[in-house]
Protein chains: 2
Amino acid sequence: MDTADDLRDSLVQVSFAVTALLSRVAAEQDLSLTQLRVLGILRDREPTMAELATYLGLERSTVSGLIDRAAQRGLVRKTTHPDDARSVRVSLTTEAQSLATLVIAGIGELMAPLTDRLNSSEQKRLTVLLSNLLGR
Amino acid sequence: MDTADDLRDSLVQVSFAVTALLSRVAAEQDLSLTQLRVLGILRDREPTMAELATYLGLERSTVSGLIDRAAQRGLVRKTTHPDDARSVRVSLTTEAQSLATLVIAGIGELMAPLTDRLNSSEQKRLTVLLSNLLGR
DNA sequence: TATTGTTATACTCTATAACTATA
DNA sequence: TATAGTTATAGAGTATAACAATA
């Protein structure tokens with residue numbers, strides 16, 4: 001009925017569609033959606049466990065298990081911080097970096113059928129509107 | 001770099017933001033995101049277990065547990081189909097219908113700070129573009 | 001035989017609480 | 001005392017495989 005309600009519905013629907021798509025791409029590489037997010041975050045950062053927990057919006061204990069499993073699979077490496085012996089830095093292995101590149105390409109491919117429904121100028125307008133929504 | 005890449009990134013970011021928001025609203029009512037989806041689906045449908053599994057994109061066995069827990073909480077009701085004794089129809093209880101209305105209002109409230117960043121005509125344009133993306 | 005749904009099993013994700021080690 | 005991280009525990013979500021009942 002309301003303009004804002006219509007927008008809210010569209011946003012929720014698109015989010016579910018994108019999430020399903022991301023889950024599929026992740027599953028192809030035997031990754032969970034959370035592990036996919038970890039890969040994305042660690043692509044340009046080497047955070048501590050606590051920082052990673054903040055990025056993910058999860059408890060530190062949850063991230064401990066998450067990173068342990070990822071390390072066991074050879075996806076991440078844990079190194080002790082030289083300045084603070086309590087701190088642990090997490091980083092991607094080179095294998096995981098390749099995997100991340102692969103997965104991102106996969107996302108692009110799966111998303112193309114959607115984005116291709118819009119022409120180039122529509123794509124640009126949509127990107128601008130979504131960026132504004134996210135606060136620039 | 002590419003226009004399509006920018007759009008892909010915006011869509012993924014928006015999806016994560018919306019998902020986080022939905023999870024928060026759900027958690028306020030002690031619901032998981034999946035249970036929230038179930039509520040949304042059952043608001044205008046009374047599907048069988050198999051149909052519900054298709055809507056959710058989950059295995060039938062998964063939905064069995066999901067609906068069992070929801071039934072135990074008094075959110076849904078299972079009734080046997082009169083024409084096919086194998087089939088089970090799932091429907092919301094009246095309490096759950098009220099809960100669904102409440103939750104949807106909560107989503108609107110939490111989403112308002114985002115959508116309010118756009119003026120009315122921008123909201124309409126965004127809605128149209130997202131609808132086109134989803135295939136009308 | 002095929003379909004609907006459940007059960008058994010196993011694993012991941014998640015949080016809370018209690019703990020260790022370091023600061 | 002406070003902070004970083006782990007461990008123990010418990011529960012939800014998920015899939016696969018095997019099953020029962022019905023068609």
Side-chain angles (χ1 to χ4, degrees), chain A residues 16 19-20 22-42 45-91, chain B residues 16 19-20 22-41 46-91:
Chain A
F16 279 137
T19 301
L22 293 177
S23 299
R24 255 200 296 155
V25 174
E28 275 171 23
Q29 310 296 332
D30 258 294
L31 296 168
S32 70
L33 192 52
T34 304
Q35 284 173 322
L36 183 64
R37 290 184 66 197
V38 169
L39 246 58
I41 290 168
L42 296 185
R45 274 170 283 256
E46 284 196 15
T48 63
M49 295 292 284
E51 287 165 351
L52 182 54
T54 301
Y55 281 126
L56 290 165
L58 298 172
E59 289 299 316
R60 296 198 311 280
S61 63
T62 300
V63 176
S64 269
L66 214 51
I67 292 303
D68 275 357
R69 287 187 293 273
Q72 213 161 1
R73 276 191 52 181
L75 296 176
V76 303
R77 205 184 305 111
K78 290 164 88 171
T79 54
T80 48
H81 194 109
D83 297 356
D84 187 338
R86 294 171 302 180
S87 229
V88 174
R89 242 168 223 311
V90 189
S91 55
Chain B
F16 279 136
T19 300
L22 293 177
S23 298
R24 255 200 298 155
V25 173
E28 274 171 25
Q29 309 296 333
D30 258 294
L31 295 168
S32 70
L33 191 53
T34 304
Q35 284 173 323
L36 183 64
R37 290 184 66 197
V38 169
L39 246 58
I41 289 167
E46 284 196 17
T48 63
M49 296 291 284
E51 287 165 351
L52 182 54
T54 301
Y55 281 127
L56 290 166
L58 299 172
E59 289 299 317
R60 295 197 311 278
S61 63
T62 300
V63 175
S64 268
L66 214 51
I67 292 302
D68 276 356
R69 287 187 293 272
Q72 214 161 1
R73 275 190 52 181
L75 296 176
V76 303
R77 204 183 306 110
K78 289 163 89 170
T79 53
T80 49
H81 194 109
D83 298 355
D84 187 338
R86 295 171 302 181
S87 229
V88 173
R89 239 166 225 314
V90 189
S91 55

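Bear in mind that the values here come from a model prediction, so they are computed numbers and not experimental data. Here is how names work: the chains are called A, B, and so on, in the same order as the sequence lines, proteins then strands, and each is numbered from 1.
- For the pair Asp68(A) CG and dA8(D) P, the interatomic distance rounds to 12 Å; values are reported in whole Å.
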Practice task
Test side chain to side chain contact (heavy atoms under 4.5 Å, CB included) on Val38(A) and Val90(A) and set out the steps.
Solution key: CA-CA 10 Å; Val38(A) 169; Val90(A) 189; over 6 Å; no
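- In this view, Ser91(B) and Glu46(B), Arg77(B) satisfy the side chain to side chain contact (heavy atoms under 4.5 Å, CB included) rule, not counting sequence neighbours.
- Contact annotation: the side chain of Leu36(B) approaches that of Leu22(B) to within less than 4.5 Å [non-hydrogen atoms, C-beta and beyond].
- Applying the side chain to side chain contact (heavy atoms under 4.5 Å, CB included) rule to Thr80(B) yields no partners; only residues at least two apart in sequence or on another chain are considered.
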Side-chain donor-acceptor pairs of residues 49-68 of chain B under 3.5 Å, sequence neighbours excluded:
from     : atom 1 : to       : atom 2 : distance (Å)
Glu51(B) : OE1    : Thr48(B) : N      : 2.9
Thr54(B) : OG1    : Ala50(B) : O      : 3.1
Asp68(B) : OD1    : Lys78(B) : NZ     : 3.1

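- Of the residues in residues 30-40 of chain B, those lying under 4.0 Å from DNA chain D by heavy-atom distance are Ser32(B), Thr34(B), Gln35(B).
- Nearest approach of Ser32(A) to Ala26(A), heavy atoms of both residues: O-CB, 3.9 Å.
- If you measure from atom CG of Leu75(A) to atom P of dT12(C), you get 13 Å, rounded to the nearest angstrom.
- Contacts between residues 51-59 of chain B and DNA chain C, defined by a heavy-atom separation below 4.0 Å, involve no residue at all.
- Scanning for side-chain hydrogen bond (donor to acceptor under 3.5 Å, both in side chains) contacts around Arg37(A) gives an empty result, with sequence neighbours left out.
- One can find a donor-acceptor pair under 3.5 Å joining the base of dT16(C) and the side-chain atoms of Ser61(A).
- With DNA chain C read from its 5' end, the first of the two nearest nucleotides for Gly65(A) and Val63(B) is the one closest to Val63(B).
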Fill in the blank from the handout: With B for base contact, S for sugar-phosphate-only contact and - for none (protein heavy atoms under 4.0 Å), nucleotides 18-23 of chain C reads ---BBS
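- In terms of position along DNA chain D, the nucleotide closest to Ser87(A) lies nearer the 5' end than the nucleotide closest to the other residue of the pair Ser87(A) and Thr62(B).
- Considering every non-hydrogen atom in both Arg73(A) and Asp30(A), the closest pair reads NH1-O, 2.5 Å.
- The separation between Arg69(B) atom CZ and dA10(D) atom P is 18 Å, rounded to whole Å.
- Summarising the geometry, the separation between CD1 on Ile67(A) and C1' on dA4(D) is reported as 15 Å, rounded to the nearest angstrom.
- Taking Arg86(A) as the reference, Asp84(A) meet the side-chain hydrogen bond (donor to acceptor under 3.5 Å, both in side chains) condition, with sequence neighbours excluded.
- Every residue was checked against the side-chain hydrogen bond (donor to acceptor under 3.5 Å, both in side chains) condition with Thr79(A), not counting sequence neighbours, and none meets it.
- At whole-Å resolution of the value, NE2 in His81(B) and P in dG5(C) are 10 Å apart.
- OP1 or OP2 of dT6(D) sits under 4.0 Å from a side-chain N or O of Lys78(A).
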